[in-house]
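This report refers to the structure that appears directly beneath it.
Position 1 is the first residue of the sequence; numbering continues from there. Ligands are counted one by one from 1 in listed order, and the atoms in each one are counted from 1 as well.
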Amino acid sequence: MAVNILAFGPNGSGKGTQGAIVKEKYNIDHIESGAIFREHIKGGTELGMKAKAFIERGDLVPDEITIPMVLETLKKSKAKGWLLDGFPRSLAQAEALDKALKEADMPLNYVIEILLDRQIAKDRIMGRRLCANDNNHPNHIAFEAIKPVEKDGKLVCRVCGGDLSARADDQDEDAIGKRHDIYYDEKTGTMAAVNYFKKAGGAKVISVDGSTSIKAVTETIMSQLA
Ligand code: AMP
């Protein structure tokens, strides 16, 4: 049976790294709203062009673009199951998602929440690097376990040797600040979305301290997944 998971955590909490591991366990699709946007921008699509300026500033892309894009992707993964990362980021998105999941008969099995102090999350964001070949190849210049390797005098992906880049919005302190303002907002932001799904019941909630090592976080999560 398909397993459906929501992954929450501030940017820089290791959510993407852990998501890539959990996805392997169940062989489900890893759906990252931010990565879908970046693909559209790379491909020069109309959606990408609309989203680009919002992303560069660290603002949310408007719901009328984001919500249908994500819901459509989820439906395509219904048979396989999915781990959704980066959505919902607001209370309004949480409500829209809840409604759509009920209508599509896609029950939520787990809510994984990685807890991390805002300053630590900020420091971590600036050191992460994106692999040009695979979004699921985590690289970070400050973490031994996922450090890029050196080849011909430059740093390349530790998994496949692919080119690495830093996201522009990861090197811009204003953009990071805005993304974290949205995340930690318990009234209408991402924390409100987390609390919405915690209160809704149904799914098992796994809350884990993200300040420990990557391995320790993985072990805590794995020990609570069936
Ligand atoms: P991420 O890769 O999750 O850090 O997302 C990068 C950027 O994509 C965010 O800063 C937003 O501009 C945009 N984005 C990603 N997910 C969403 C979402 N659920 N709602 C609105 N904008 C989003």
Out of curiosity, does Val61 fall in the hydrophobic cluster containing Val70 (side-chain heavy atoms, cut-off under 4.5 Å, transitive links)?
yes
Is it true that, when you exclude Lys178 itself, more than 12 heavy atoms of the residues, nucleotides or ligands shown sit nearer than 6.0 Å to its NZ?
yes
Can Asp170 and Arg179 be counted as an ion pair, charged N to O under 4.0 angstrom?
yes
Pick out the protein N or O atoms lying less than 3.5 Å from any N or O of ligand 1, and list each pair with its distance.
from, atom 1, to, atom 2, distance (Å)
ligand 1, 2 (O), Arg38, NH1, 2.9
ligand 1, 2 (O), Arg38, NH2, 3.2
ligand 1, 2 (O), Arg167, NH1, 3.1
ligand 1, 2 (O), Arg167, NH2, 3.4
ligand 1, 3 (O), Arg89, NH1, 3.2
ligand 1, 3 (O), Arg89, NH2, 3.0
ligand 1, 4 (O), Asn11, ND2, 2.9
ligand 1, 4 (O), Arg89, NH2, 3.3
ligand 1, 4 (O), Arg167, NH2, 3.0
ligand 1, 5 (O), Arg89, NH2, 3.4
ligand 1, 12 (O), Asp59, O, 2.6
ligand 1, 16 (N), Ser33, OG, 2.8
ligand 1, 16 (N), Gly86, O, 3.3
ligand 1, 16 (N), Arg89, NH1, 2.9
ligand 1, 19 (N), Gly86, O, 2.9
ligand 1, 19 (N), Gln93, OE1, 3.0
ligand 1, 20 (N), Gln93, NE2, 2.9
ligand 1, 22 (N), Val61, N, 3.0

Do the charged groups of Lys154 and Asp163 touch, with an N to O distance under 4.0 Å?
yes
Asp63 and Gln93: side chain donor to acceptor below 3.5 Å
yes
Under 4.5 Å side-chain linkage, directly or through intermediates, the cluster mates of Ile28:
Val3, Ile5, Ile21, Val22, Tyr26, Leu83, Tyr110, Ile112, Ile114, Ile206, Val208, Val217, Ile221, Met222, Leu225
